[in-house]
Participant: 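Shown below is the structure under consideration.
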Amino acid sequence: MHRHKWDEVPRPTPDGTGVGRPGYPGTVIIGIDTSLGTAVAAIARDGEVLADEQSANALGHAEVIGDLLRRAAQAAPTPTHVAIGMGPGPFTGLRVGIATARAFAVGRGVPVVPVPSHDGVALGILLSDALTGTETPRFAVVTDARRKEFAYSVYDGIDDDGLPIRIMDATLSPRDDLDARLAEAGAARYDATSVSAAMIALAAARALDAGRELAGSEPLYLRSPDVVAAHAPKRVSA
Amino acid sequence: MVLMDAPLVLGIETSCDETGIGIVRGRQLLSNTIASSMDEHARYGGVVPEVAARAHLEALQPSIDAALAEAGVTLDEIDAVAVTSGPGLAGALMVGVGAAKGLAVALDKPLYAVNHLVGHIAADILDADAGELEYPTVALLVSGGHTSLLLVRDLTSDVELLGETMDDAAGEAFDKVARLLKLPYPGGPEIDRAAAAGDPTAIRFPRGLSRASDMASHRYDFSFSGLKTAVARWVEQHEAAGLPVPVADVAASFREAVVDVLVTKALDACERYGVPRLLLGGGVIANKRLRDVALERAAGAGVAVRIPPLRLCTDNGAMIAALAAELISSGRRPSTLAFGADSTLPVTEIQVAEDPDATAPAPLPARAAS
Ligand SMILES: [Zn+2]
């Protein structure tokens, strides 16, 4: 698998702690997701939530993320990793979180852990069902992808690492086709209205423990840039 | 915060297609690292915002690493982070804003959100070989994204917009006319190459907003879309008549029209405001004909011209860092973390979101001994 520079060797933190080995008992993970609103959280190795900050505003990612991150960083002064929700989501907002997370990780000298944003939503659903003893049927996490399309990922249960079993990676579907596709896949529909950064961080913690990678370093854009190749200039004369 | 020396500032610039990371110590340039996505835009004939924003996201960390290595400093030595808040492409700006906030929070260092256009002026103070920048000065900033004429009374506190383009930026006009002439992107160097063998007086193309009737309300504004249309019409008429298009003459005459209107309006501003100083900035300043005409005509008008080194004229992070260093030295407080990207940020807003509750870094002598 192609490894991007962002994912390379963890550098020691300035104070010499935070070695960032998977499973290291002092693991504290900052999670950041701006695929759907803006969310920043911090969790300890045992899953304890140290901070869970979010802005309901669907826009304004760039405006709010600094203060949310500062509060989370105050609650978790020596994070060992930064988990990033990689989308899918509207590109401009999604990039704010990824840029912030990567730069924060550079500033602290800790590694980043990319997580598909839908995995965070799925983990939240599975954990909350487990808490109430509800059997979770196969389900799809669905988010708005604009341009009359949805993005969806299909999950079926939780594995021994405590991670959602993703049986279909994030995919685009025309809005009108989605229900038929989900019926065919036998998946219940779950329309996500927010992504929990704590769940992004928890998924990252479990992936680190298991020595697994949940996403590559590329954002889950799912779409090529919307451009048209240069055409011949239009005539101006009548 | 007490600074014992000129502030060490890391600047982030992502307003268009260059990912710029600059590091300065006061007025001393330590690194000017630029990653450009220009090649990725070439097939589209102009900057594609989404392509630029994606490229910024990928280029940021390698550029930060490269800048730190070149400057020979580590992140924990940085006194402040600076970033372009606007004007520029919103999606591109937001990548830099996010990164700057992440870095500033991680390092627990002050963050200065600044104006890109004023940054172009600040580039001049990094030129170690030039004398002190004197005020007031007229500044002409010309690039693919902007064409602005400014009156600068003080870099950190008083910049006035005299005029700007009403449609295309001058650099955009070069790109569009290059396409008309079937020349590749970016158009500036291509037009220059084609114009070398041409006669700049062969065709009299119009000078936008230069009629007597324009002087009342658009004396210092620019317009290049009419010029582009005039070139297109001229070329079409030639082709319709079955005549070969004299590309060299068209290129030279078009370039002359752009250069003429830029220099004429800039020197008119110098005369009207009684300012015998003109500062040039922006990527189009790389155009040698523009520099030559400006120098020649300014000399005739008794106006001294300053041109920063070309690598500081194109968009870069060093100019953003330099502007922040000047703001710090003049006792300005850092920005809050609550600003965003402002694609139409007016030039009068030199710094964005100055925090009334923050403590200003200790004022410093402008050129502290290191
Ligand atoms: Zn510029």
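A note on names: the letters A, B, ... follow the listed sequences, proteins ahead of strands, and every chain is numbered from 1. These values consider heavy atoms only, across backbone and side chains, with no hydrogens, waters or symmetry-generated copies.
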Participant: Based on non-hydrogen pairs under 4.5 Å, which of B:A53, B:A341, B:A232 is most in contact with chain A?
Facilitator: B:A53
Participant: Please step through side-chain contact (heavy atoms from CB on, under 4.5 Å) for the pair A:R102 and B:E58, ending with a clear verdict.
Facilitator: CA-CA 10 Å; A:R102 287 175 174 178; B:E58 298 318 312; 3.6 Å; yes
Participant: Got a second to check how far A:R95's CZ is from B:L60's CG, nearest 0.5 Å?
Facilitator: 11.5 Å
Participant: In this structure, are over 12 heavy atoms from other groups packed under 6.0 Å from A:R175 atom CZ?
Facilitator: yes
Participant: Determine whether a donor-acceptor pair (N or O, by modelled atom type, separation under 3.5 Å) exists between the side chain of A:R70 and the backbone of B:V105.
Facilitator: no
Participant: Using non-hydrogen atoms and a 4.5 Å limit, figure out which bit of B:V95 sits close to chain A: side chain, backbone, both or neither.
Facilitator: both
Participant: Rounded at 0.5 Å granularity, tell me how far CZ in A:R108 sits from CG in B:D76.
Facilitator: 12.0 Å
Participant: Would you say B:D108 has more than 12 foreign heavy atoms packed within less than 6.0 Å of its CG?
Facilitator: no
Participant: I need the minimum non-hydrogen distance between B:A99 and A:A103, along with the two atoms involved.
Facilitator: O-CB, 3.1 Å
Participant: Could you grab the distance from atom CG of B:L93 to atom OG1 of A:T92, nearest 0.5 Å is fine?
Facilitator: 11.0 Å
Participant: Are B:K101 and A:E63 within salt-bridge range, i.e. N to O under 4.0 Å?
Facilitator: no
Participant: Nearest heavy-atom pair of B:G340 and A:A62: which atoms, and what distance?
Facilitator: CA-CB, 4.4 Å
